[in-house]
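Proteins get letters first, then strands, A, B, ... in listed order; numbering begins at 1 in each.
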2 protein chains.
Amino acid sequence: MARQIAERAEIVPLLGEVFREHGYEGASLSVIGKATGLGKGSLYHFFPGGKEEMAAAVLAEVDAWFEAHIYAPLRDETDAAAALARTTEAVIAYFRSGRRVCLVGAFALDQTRDRFAAAIRRYFARWVEALAEALTRLGRDPAAARAAAEGAVASLQGALVLARATGEPALFERVVRRDLAALLAP
Amino acid sequence: MARQIAERAEIVPLLGEVFREHGYEGASLSVIGKATGLGKGSLYHFFPGGKEEMAAAVLAEVDAWFEAHIYAPLRDETDAAAALARTTEAVIAYFRSGRRVCLVGAFALDQTRDRFAAAIRRYFARWVEALAEALTRLGRDPAAARAAAEGAVASLQGALVLARATGEPALFERVVRRDLAALLAP
DNA sequence: GTCTATAAAGCGATAGAC
DNA sequence: GTCTATCGCTTTATAGAC
């Protein structure tokens, strides 16, 4: 009986969960093998660059997801308030209401940051920019919009940390919804 | 020529920096040895429980520092507004204006959390409680105070993540000072 | 495409000399 | 108290059979 998984694209989401749960250092090939159901031979077949290429693939997928579901709507939609509300719900769903950790944030904290510095910087820079753009269209002056945007992204990231630290996922949704309300009615 | 360091208390802060920079998994004994200038023999002399005991000692020191310099003033000082302002400055200094990462937050994100669950939970719970207590003394009703407190701690934690991710430490101080202003004048 | 076997290096931890 | 040597295990990565 052969393996079911035959495509790189099917493996990447599984890798994402492993890196989220264990961090880059903690995600050993044996853990990855268990989570994907693949042996080392198969893993190196799909990712000749090993663990680093696996993590890079996950980061690329995360980037594409946020571009499509968060950044683009925030930047481009005519109704900025609606885009803000809708992308907030999408983010809450993405992070499983606080039960899922932010891979990029986790990578940023330790030395893993140096390995993927460009992707990590880009992730947060674009998030803040897209949010600031939407707030500007809502009528805030650009400087205030940028400040509010970086505050909101920081708050969301920290809420993920606290939610996981205290074992209280609901904290995440609570904080993020409060932030959204403050952004819409300043 | 003998080693200069002869006390456990002198080693713990060095261990703290290593765990902050590399995370628990990434902080190998060889890295720890280099940072402390001690061989494995000496390290196991001071910490018979190995790496886990080292990290536990660091967490205990962090807890003691926050209790003395943050939680106690927030809970006990008569002038709650002054305590809030003063502990905020202390926190900014503690995190080196955004150049230092929160060890407890970093531990919380990956599987390391399970190893030190009680200490991690306690750290954030007491921080939020102490902050809520001060805000209550400022006249906020208890529920609003608690909500504002958990929001402020989350915001601070996320600001540390963003500051490190973007390589812009100043972001941390900016966000934290803005939060303080919002807490004092709601 | 997937597996097992294997290599080389690094890991946490221990023992024992000094 | 500090060191070096070493153990047993796990790590990433490769090779080669199927």
Inset, instruction - Would you kindly compare A:Ser30 and A:Pro48 by the position of their nearest DNA chain D nucleotide and give the one closer to the 5′ end? - result: A:Ser30
Inset, instruction - Name the nucleic acid region contacted by B:Gly41, choosing base, sugar-phosphate or nothing; use a 4.0 angstrom heavy-atom cut-off, strictly under. - result: base
Inset, instruction - Classify the nucleic acid contact of A:Lys40 as base, sugar-phosphate or nothing, counting any heavy atom under 4.0 Å across all strands shown. - result: base
Ion pair [X]/[Y], N-O distance below 4.0 Å:
X: A:Glu21; Y: A:Arg164; result: no
X: B:Arg96; Y: B:Glu173; result: no
X: B:Glu53; Y: B:Arg8; result: yes

Inset, instruction - Using atom types as modelled and distance alone, determine if a side-chain donor or acceptor of A:Ser155 lies under 3.5 Å from a backbone N or O of A:Gly151. - result: no
Out of [options], which nucleotide sits closest to the side chain of [X]?
X: B:His45; options: C:dC11, D:dG1, D:dT11; answer: D:dG1
X: B:Ser42; options: D:dT14, D:dT2, C:dA13; answer: D:dT2
X: B:Lys51; options: D:dT2, C:dA13, C:dT2; answer: C:dA13

For the pair made of [atom1] in [X] and [atom2] in [N], what is the distance, rounded to whole Å?
X: B:Leu43; N: C:dT14; atom1: CG; atom2: C1'; result: 14 Å
X: A:Glu25; N: D:dT12; atom1: CD; atom2: C1'; result: 12 Å
X: A:Glu10; N: C:dG1; atom1: CD; atom2: C1'; result: 13 Å
X: A:Leu29; N: D:dT12; atom1: CG; atom2: P; result: 4 Å
X: A:Ile32; N: D:dT10; atom1: CD1; atom2: C1'; result: 14 Å
X: B:Glu53; N: C:dT14; atom1: CD; atom2: P; result: 11 Å
X: A:Tyr24; N: D:dT11; atom1: OH; atom2: P; result: 14 Å
X: A:Phe46; N: D:dA13; atom1: CZ; atom2: P; result: 17 Å

Inset, instruction - For the pair A:Tyr71 and A:Trp127, name the ring-plane relationship: parallel under 30°, tilted 30 to 60°, perpendicular over 60°. - result: tilted
